[in-house]
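For reference, the structure is listed below as structure tokens.
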There are 14 protein chains.
Amino acid sequence: MGFLAAGIGAGIIAVGAGIGIGMIGKGATESIARQPEAAGDIRGAMLLTAVFIEGVALIGAIVCLLLALGIGQ
Amino acid sequence: MGFLAAGIGAGIIAVGAGIGIGMIGKGATESIARQPEAAGDIRGAMLLTAVFIEGVALIGAIVCLLLALGIGQ
Amino acid sequence: MGFLAAGIGAGIIAVGAGIGIGMIGKGATESIARQPEAAGDIRGAMLLTAVFIEGVALIGAIVCLLLALGIGQ
Amino acid sequence: MGFLAAGIGAGIIAVGAGIGIGMIGKGATESIARQPEAAGDIRGAMLLTAVFIEGVALIGAIVCLLLALGIGQ
Amino acid sequence: MGFLAAGIGAGIIAVGAGIGIGMIGKGATESIARQPEAAGDIRGAMLLTAVFIEGVALIGAIVCLLLALGIGQ
Amino acid sequence: MGFLAAGIGAGIIAVGAGIGIGMIGKGATESIARQPEAAGDIRGAMLLTAVFIEGVALIGAIVCLLLALGIGQ
Amino acid sequence: MGFLAAGIGAGIIAVGAGIGIGMIGKGATESIARQPEAAGDIRGAMLLTAVFIEGVALIGAIVCLLLALGIGQ
Amino acid sequence: MGFLAAGIGAGIIAVGAGIGIGMIGKGATESIARQPEAAGDIRGAMLLTAVFIEGVALIGAIVCLLLALGIGQ
Amino acid sequence: MGFLAAGIGAGIIAVGAGIGIGMIGKGATESIARQPEAAGDIRGAMLLTAVFIEGVALIGAIVCLLLALGIGQ
Amino acid sequence: MGFLAAGIGAGIIAVGAGIGIGMIGKGATESIARQPEAAGDIRGAMLLTAVFIEGVALIGAIVCLLLALGIGQ
Amino acid sequence: MGFLAAGIGAGIIAVGAGIGIGMIGKGATESIARQPEAAGDIRGAMLLTAVFIEGVALIGAIVCLLLALGIGQ
Amino acid sequence: MGFLAAGIGAGIIAVGAGIGIGMIGKGATESIARQPEAAGDIRGAMLLTAVFIEGVALIGAIVCLLLALGIGQ
Amino acid sequence: MGFLAAGIGAGIIAVGAGIGIGMIGKGATESIARQPEAAGDIRGAMLLTAVFIEGVALIGAIVCLLLALGIGQ
Amino acid sequence: MGFLAAGIGAGIIAVGAGIGIGMIGKGATESIARQPEAAGDIRGAMLLTAVFIEGVALIGAIVCLLLALGIGQ
């Protein structure tokens, strides 16, 4: 069961990170195109929220690696 | 069953955090581009809501780590 | 069965809180950008609805922790 | 079966409350930004509908707690 | 089977009520912002349709409580 | 099987009624905001279609109650 | 199997009728708000199409009642 | 198996007819509101396409009734 | 297995025909409202595409009837 | 298994043909309404793409008929 | 298993081809209506992309026919 | 298992290629209609991205053919 | 299990690559139509992101080929 | 179980990376078309967010390769 969870879980994590950071990235590129002189503030908000998502995704990735290597079973 | 839940649950949590913080991040970057002088207020609302989501996601992540390490079984 | 429910349930709760608070956060940042002088009223409505969602999510998180720790089984 | 239902049910309830109150919160913040002088009426409608949803969600949460604690089985 | 149905059913009911009353609440807040002097008529239509949904949801909630408490089995 | 069907069926009925009457309620509140002097005609159409949906939902709710109480099995 | 089908089928029928008549009702209320003097024609088209859907939904509801009462098994 | 198919099939048919005729009805009411003097042509196209869908739905409903009554098994 | 397929298949066919002809019917009514003098050409294109869908749906309906009546098993 | 596949496959084929030709039919009717003097070119493109879809759908329908009649088993 | 795959696979292929070529066909008819004098270039791009999809769909259809006729089992 | 995978996999590949190349084809036809004199550049970008998708789809198709013919089992 | 995974996985990879590169291709063709003189920069960004997706898809395709040929089992 | 997870997981990872980087790529190409002189800043934000997604996807891909090669089982 752990192996099944590792693979599928890793996939769903990538979907989550992809949708989330994708929305942020799309919003950021369009916002810089609209207001190029606010690029610093926009890049700051972009990184701040992307890192929140990345953090959750990495915890999930660690869980999946633990399961894939059979640690804790 | 716990191992299966740990992996898949971690994935779904990442999806939840991704969609939620992604929407906030997209809204924030677009809002700063629209009204650069309100960047402080916007960043405040952004952080406040992102932390609400991050909190729920971290509780979920702790549940998943507990399950992955086989604690409480 | 309780362990399976704990992990998957925690994930779905994060999705619920993510979508809900994400929509509120997006709406709030865009609204502040549109009407910066109404930021107080907007932040009030934002917190009020976000707390409604957070409350339901926390009850669900408690249910999941109970299940993950095997209490009540 | 009751434990499985408690966890997954709690998750789906959070999704329901999240989507519903999220839509209301988004509508309310955007409406206040559009017509700040009608903030009282808007906040009234916002609370009224949010409480309808919260009520149904709490009944569901009680059902889930009953199941998680094994009462009535 | 009844316990499984009670939890998951309660969750889906909350989704139904959430989506429905959420759409009404969003429409109502935006409508009041657009035409503040028609707030009475709008609040009337809002309550009328929200109560229709609440009625169906409560019948469903009663069914779920019956099942969770094991009545009629 | 009847118990499972009763709970899940009641949930799906609430989703159906929620989506349907939600769309009508949203349309009605926005329409009254647009044309307040036609509120009577709009409320008429709103009630007429909402009752169609409510009728089907109530028949379904009766089926679910029959099943939850174990009548006809 | 018949009991399971009765409950879930009744739920899906309500979804179908809800989405369909909901779209019609939304279209009708918005159309009356746009062109109040054509309310008669619009109400005619609204009823005609709603009755088509209601007809199919009622046939399905009858099938579900037959199954819930165990007739024909 | 036939009973299961009858109930669920009847539900899905109602969804199909609901979505289809709902889209037509919404389009028709909005079109009459836009061009009231073309109401005849619009009502013709509306009926023609609605009857196509109704025909397929009725054939399916007959299949479901056959299955619910256990004919041909 | 054939009976299960007959019911569910008939339902999915109705969904397919409903979505397809519904989109065509919506497009046609809106197009006639936009350009009433081109009603002939529009009705021609409407019928032509609707018949393509109806043809595929009828073949599927025949397959379902064959299965429901147990022919070829 | 072949009978199950025949019914459900026929349904999914109808969905595919319905969505595809429905989109084409909607585009074509709206395009003729926009540019009535280009009706010939539009009808040509409409038929060409519809026939591509119809071809794939018919091959699938033949596969389903083969399975429903038990040929090749 | 091969028979099940043949039917369901043929259905999903039709969905893929339907969605894809449908989007192209819709885009092409609308584009010709917008710029009738570029009909040649548009028809070229339409055919080129439609043939790419048709190619993949035909390979899949051949796989399904192989399975339906029991070749290679 | 290989036969099941071959049929269903071939179907999902066609969906992937259909959605992807369909979006490109729609974008390309609309872009040529907007800027006919840039047709060369647009056709270049269209082919380049379509070929990327076609490449992945063909590798998948080869995997399905291998499975359908029972090679490597 | 490996064979099942190979076929279905290859299909899902094609969906991923199709959606991703399709969105990029659509954006690129529309962007070139809007700003033909920036075609070089746009083509650069298009290739860069498409190659990121292609890379992940190819790794996945290699995994599927390994499974289809039974290597590492 | 590991083999099943490897194939399906690899597919879902490709979907995640595809959706995410696809949204970024679309946003970037459209943004460069809108503001060609900000191409540097846009390309920077594009790469930064794409690499975040690519990182999560590659970790997932490594998990899948581990599972496909049977390491750690």
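Chain letters run A, B, ... following the sequence lines, proteins first, then strands; residues in each count from 1.
- Chain A forms the most heavy-atom pairs under 4.5 Å with one residue out of B/Arg43, B/Glu30, B/Arg34, and that residue is B/Glu30.
- Under a 3.5 Å cut-off, the side chain of B/Thr29 and the backbone N or O of A/Met46 do not form any donor-acceptor pair.
- When each of B/Ala57, B/Cys64, B/Ala61, B/Ala33 is scored by its heavy-atom pairs under 4.5 Å with chain A, the top score falls to B/Ala33.
- No part of A/Ile62 comes within reach of chain B, as not one of its non-hydrogen atoms sits under 4.5 angstrom from that chain.
- At least one side-chain heavy atom of A/Phe52 sits less than 4.5 Å from a side-chain heavy atom of B/Leu47.
- Looking at B/Ala17, both its backbone and its side chain come within 4.5 Å of chain A, counting heavy atoms on both sides.
- Looking at B/Ile42, neither its backbone nor its side chain comes within 4.5 Å of chain A, counting heavy atoms on both sides.
- Residues A/Val56 and B/Ile21 form no side-chain contact, since every pair of their non-hydrogen atoms from C-beta on lies 4.5 Å or further apart.
- Proximity of A/Leu66 to B/Leu69: side-chain heavy atoms (C-beta onward) are separated by under 4.5 Å at one or more points.
- To the nearest 0.5 Å, the span separating CD1 on A/Ile53 from CD on B/Glu54 amounts to 9.0 Å.
- Across A/Asp41, A/Ile19, A/Val15, the residue that shares the most heavy-atom pairs under 4.5 angstrom with chain B is A/Asp41.
- Interface check for chain B: of the options A/Pro36, A/Gly60, A/Ala28, the most heavy-atom pairs under 4.5 Å are formed by A/Ala28.
- Distance check, rounded to the nearest 0.5 Å: CD1 of B/Ile12 to CD1 of A/Ile13 gives 10.5 Å.
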